[in-house]
There are 6 protein chains.
Amino acid sequence: MPSDIRRPSGRATDQTRDIRLTRDYTRHAEGSVLVEFGDTRVLCNASVEAGVPRWLRGKKQGWVTAEYGMLPRATHTRGGREASRGKQGGRTVEIQRLIGRSLRASINLKKLGEFTITVDCDVIQADGGTRTAAITGGCVALVDAVRYLQREKLIKGDPFHQLISSVSVGIYQGTPVVDLDYPEDSRAGTDMNVVMAENGELIEVQGTAESGTYSRAELNAMLDLAEKAGGELFDHQREALGIRR
Amino acid sequence: MPSDIRRPSGRATDQTRDIRLTRDYTRHAEGSVLVEFGDTRVLCNASVEAGVPRWLRGKKQGWVTAEYGMLPRATHTRGGREASRGKQGGRTVEIQRLIGRSLRASINLKKLGEFTITVDCDVIQADGGTRTAAITGGCVALVDAVRYLQREKLIKGDPFHQLISSVSVGIYQGTPVVDLDYPEDSRAGTDMNVVMAENGELIEVQGTAESGTYSRAELNAMLDLAEKAGGELFDHQREALGIRR
Amino acid sequence: MPSDIRRPSGRATDQTRDIRLTRDYTRHAEGSVLVEFGDTRVLCNASVEAGVPRWLRGKKQGWVTAEYGMLPRATHTRGGREASRGKQGGRTVEIQRLIGRSLRASINLKKLGEFTITVDCDVIQADGGTRTAAITGGCVALVDAVRYLQREKLIKGDPFHQLISSVSVGIYQGTPVVDLDYPEDSRAGTDMNVVMAENGELIEVQGTAESGTYSRAELNAMLDLAEKAGGELFDHQREALGIRR
Amino acid sequence: MPSDIRRPSGRATDQTRDIRLTRDYTRHAEGSVLVEFGDTRVLCNASVEAGVPRWLRGKKQGWVTAEYGMLPRATHTRGGREASRGKQGGRTVEIQRLIGRSLRASINLKKLGEFTITVDCDVIQADGGTRTAAITGGCVALVDAVRYLQREKLIKGDPFHQLISSVSVGIYQGTPVVDLDYPEDSRAGTDMNVVMAENGELIEVQGTAESGTYSRAELNAMLDLAEKAGGELFDHQREALGIRR
Amino acid sequence: MPSDIRRPSGRATDQTRDIRLTRDYTRHAEGSVLVEFGDTRVLCNASVEAGVPRWLRGKKQGWVTAEYGMLPRATHTRGGREASRGKQGGRTVEIQRLIGRSLRASINLKKLGEFTITVDCDVIQADGGTRTAAITGGCVALVDAVRYLQREKLIKGDPFHQLISSVSVGIYQGTPVVDLDYPEDSRAGTDMNVVMAENGELIEVQGTAESGTYSRAELNAMLDLAEKAGGELFDHQREALGIRR
Amino acid sequence: MPSDIRRPSGRATDQTRDIRLTRDYTRHAEGSVLVEFGDTRVLCNASVEAGVPRWLRGKKQGWVTAEYGMLPRATHTRGGREASRGKQGGRTVEIQRLIGRSLRASINLKKLGEFTITVDCDVIQADGGTRTAAITGGCVALVDAVRYLQREKLIKGDPFHQLISSVSVGIYQGTPVVDLDYPEDSRAGTDMNVVMAENGELIEVQGTAESGTYSRAELNAMLDLAEKAGGELFDHQREALGIRR
């Protein structure tokens, strides 16, 4: 692979943007985390509510779900407000389903009891990678919401199972790179979002060739980059949460 | 009136919360202001778009409008996401119409040319007075958007007409007070939102007796408080914008 | 202020249009009133239903709410039918919330018991001031609905608290005038809707400068006009209802 | 058939309710007719707008359409407001399509020119037969709208083709009766709506066995009743419009 | 009437298209029938669910309802997908109400017990007469669903009352014809859908003059054709179901 | 890996279900293919329309998009009809976006000219793997629609780029298996949908751990199975289309 790739940001191919996780960003939510992947800023608020959706009633388990939104001017040009258009767009729906599935992998729903935790991920500023930032920050907010349940003695036992984090990888100008920002993302031939567990295994892989196709070798090179970045993301999460390894 | 009223926050009856106006809070919008009235935090993004709504076409004027939203967990308990419910609630509609009308008073639409400026006011954290904060901060974002149009030489002349600001007043435990926070607001007998112009006159007054009625004398006492606070709000706006009086 | 103002209708500045309140206008509703402010005609039907909205259940009180609609051709040009567009417009939502809040001020909800009274205000013909006519007529329909509950012995005691009425005032060609019709309303610089209680105090004041600003002196002159008209409106309501003062 | 049938209203089997057609009922619409079939009252407003729906553009013809609505408390118990539920119910859609089809039979669309006439039929009070009243009254409002176009010299020639009217017939307690009111309609075994042209022929027949089935003989007996009533309805329409036979 | 009418398909005026009823077309539904009237193909799936709609609870009866849809490219040009437009069109609503009413005539709802049978009629390919095919095929699927309930011993007794079938008739080039295909239907002056019971009587008649009017004599000629075709349709249904006459 | 895995269907781990592709299944669409993966049956209709979506106008290229739907009783229990619920569910939206992206990879949009091809994928019967069947069958329908454009001389040149096909793979009882049917899919720990190009490379990979996590080794084993099945699917497509390799 070409060694002389020049990323718009000047980063190395395996270098993520600056990652910041700010807990207790707002005061009402049981877990509230501002996550920043460089200029991408997503507010992740985890809300605890008693009860579960109708289809889970009586099954003696809890539920974790996510909603995703973008402030209308989080992007270069103003996008319409979904609330005033009267429905969420397809991209929004697709992303919030991914976030919800991913976050459920970090919780033992049986031990959660009949509580629902909703993680709202609202993009304050977008510069590529909003869904991966949302998953990474949302997991920290979720842990705080679980700790709230424990602190308030609303549940016994510990439903927390494992940290999960996410990063994007892609083929930019023929070279695999990690954590694409908007200038890269909008020109990448292949774009892959990887959701990982602390044990080094995979939760979800979504890789799309926006133009052309990609080979098994490229897939593997991208996964290598994601794995390395995942390790760093878990360090950020543990540090934010005060968890020793 | 009782002199020994004790506000939950310990403020004097004519004392507003700490007001902060942070410009350039996000990087894409032509005007981006985070406004804080104490714990109430509203992000006001002004977006410039060429063209006007259909019903204004050919009338040689511009348009200023506002949209208002609340992040689902800006409040004590999670409110449903309006985008996923498929419509904006009545309160949202009522507030965004007030903000739009108010902001239009600060602009000469004829001089704006055929541009539309949309001011998105999204509540990050709510503690009472979100609409008055949105108007006060939205006006600063609007001025920045107008300056952008001038700087980019997209318009000639200056469509900026006057600053406008807004504050709530109410009758709390029988006494008129200014800038009610949530604990006051939820128990106030009368609640009034006042939108003011820099010339000391009124743009909009909306006063509601939540329980009982209020007298002309109380109305006047509330307006006196609003007028005094308005003076301070205009100082904050001018300071943020670097406008000398 | 100019004494030689000429209103399109030839009315004096403090003169309302002809006010008519026709009870029992339709036969199914528990209270049914056609209210006319000149050419503005609004049918106000108050419907009694057992039970209260979910969020009030178990609180041992009743509820009063209002819905507002305009027949598509109540106005000069046909407006779309909100039912076929699939949502109520912002103006409709804003008005029906105002009517509901206002009407609740005439009822002691605790004494109403677990009943909901919905007052439907449908504009048959519009000529300015539809919301003030709706409040004034809706209050009479509401009283009839309360009397129905008493007559049928569905409640004990009397939840009726006080009459409320409403009128618009504004600044037309620089002069304060009362009860604006459409030709005045569409050109007025400032427009204010005032909701009043029988005790002479205020329930709600909504005053908007459509162009420019208005002074405290103008506000007071408008409130003086509203107060005088309110006295007349209460006379009309009492006469219609057969209430002696 | 039994000769001793006793209708709740005491009417003879071939006797319609009192029919009233009041023109110019509201002042803005180009045609405005209040139609009453006994206690059933429907306001029919015909609105003229320049232009035709997209799919008719360039075809050198006009369009006639209808919308139907029921005020929430036109009926014994309050029905939800379709505008606030966010969609028109199936019954509403079915009825307004019938009215529109029927009214188009009275107009030569080619001669109408590129105008759209929308006939809004809003039920003020319901007592059975609202759709047949709407068609009968709507036709008169439509004629007035066509006359408006001629008077204003917006069209040349006369697009009016023929009067149409409508009445319901049904089998009540085994006997064919005409113009069913609500007490009959709600218990009738078979209910048929017949739309007729002045030439004595049929425009639309919709006959439904609500329980059981009906024979060809019963069908013919019902059509005989409708034919007779149709003659009377055309007399009412001609008298209201000042048309000599 | 002209004896030399030439139908586009070459059929005689009283000749239906080839009728085919294929049971067990899909494997999940309790009744699944593909019905073909020539090139018109409709899949009718009857689904059994325990319980009844809210407004029937406690009334000790069951419910039969229908839903109708057209695959987007069942027709010559692609129609929008109703699910993505966010609502069913007026034609769809009108048709599915007709199907539901018709199918209920074949069942004794009291004997059905508290079950709901929903018959989904989805048009795979359209060539005129989709609603009459849907009723004819839907009745066979409904019988299979009832048999399922009996076989599974979920009900005692037999709620099946009578077969119902449906066919269209119309006036094509001045001549009454039966079972119109699309080329005829799109040019017919009058179009009538007739729903019949096995006893030779009528369930529903809907006849519309698309242009002009039709006489009582034409109505009777059309009903004669429908009656004859109905006899054949009942034979097809009985044969498919293995019912001896 | 365990060699004694027993699939519910008795298939070998690398054995797909019977694949059938039936062209010209309906007669109106420019491309109409019934695709069957065992009991999963999806009707794929490709419709050609002149013009492109607004955001592509003037860009001298065409567009390919897909819509996905499931007949209400395609599944074990009846799912609500999305058209009557008023919106497409999240799963539907996610799937149709995947199908559209995948199909675009088989077409050179520049050479397509300003035409839009919409591929409607409607599930007649579901037994797992509906989206992969839809992509595989949709590609054949798309090729037929392109051939139509060429045959009708509406375009010059050949926009067809490459065949694409899709299959699901997963970890069932600890073992990688290909083309999961519903009994497997509902119990699989990991489920992956793979979209492949004829050149052996990847278009899209979406792999989700429904419970637990999966390793890189498992990912590779699953991709090996998909690659092998892909070869067979391309053979089926070429045979159906009469393309020699």
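Order of the sequence lines sets the chain letters (A, B, ...), proteins ahead of strands, with each chain counted from 1.
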### Query
Given that the side chain runs from C-beta out, which part of D:Asp224 has a heavy atom under 4.5 Å from chain E: side chain, backbone, both or neither?
both

## Note on the structure
Bottom line for D:Asn193: the part with an atom under 4.5 Å from chain E's heavy atoms is neither

### Message
Need one label for D:Glu227: side chain, backbone, both or neither, based on atoms under 4.5 Å from any heavy atom in chain E.
### Response
side chain

### Query
Looking at CD of D:Gln206 and CD of E:Gln206, how far apart are the two atoms once the value is rounded to the nearest 0.5 Å?
4.5 Å

### Closest approach of E:Tyr214 to D:Ile203 (non-hydrogen atoms, all atoms of both residues)
CE2-O, 3.7 Å

### Task
Can you tell which part of E:Leu98 gets under 4.5 Å to a heavy atom of chain D, answering side chain, backbone, both or neither?
neither

### Task
Look up atom CG in E:Leu109 and atom OG in D:Ser211, then write down how far apart they are to the nearest 0.5 Å.
11.5 Å

### Task
Sort D:Gln96 into side chain, backbone, both or neither according to what part of it lies under 4.5 angstrom from a heavy atom of chain E.
neither

### Message
I'd like to check D:Thr208 versus E:Arg101 (side-chain heavy atoms, cut-off strictly below 4.5 Å). Are they in contact?
### Response
yes

### Query
Are there more than 12 heavy atoms of other residues, nucleotides or ligands under 6.0 Å from atom NZ of E:Lys110?
yes

#### Entry: Listed partners of E:Phe115 passing ring pair (Phe, Tyr, Trp, His ring centres under 6.0 Å), at least two apart
none

### Query
Near D:Phe160 CZ, under 6.0 Å, is it more than 12 heavy atoms from other residues, nucleotides or ligands?
yes

### Query
Atom CG in E:Leu223, atom CZ in D:Arg216: separation rounded to 0.5 Å?
4.5 Å

#### Entry: Validation row: E:Arg97, D:Arg91 side chains within 4.5 angstrom (heavy atoms)
yes

### Query
Can you say whether D:Ile164 sits under 4.5 Å from chain E via the side chain, the backbone, both, or neither, judging by heavy atoms?
neither

### Query
If we only count heavy atoms from C-beta on, is the D:Val93 to E:Gln88 side-chain gap below 4.5 Å?
no

### Side chain, backbone, both or neither of D:Arg104 within contact of chain E (heavy atoms, under 4.5 Å)
neither

### Query
chain D: which of E:Ala209, E:Gly207, E:Ser102 shares the most heavy-atom pairs with it under 4.5 Å?
E:Gly207

### Considering all heavy atoms, the nearest D:Ala197-E:Thr213 contact
CB-CG2, 3.6 Å

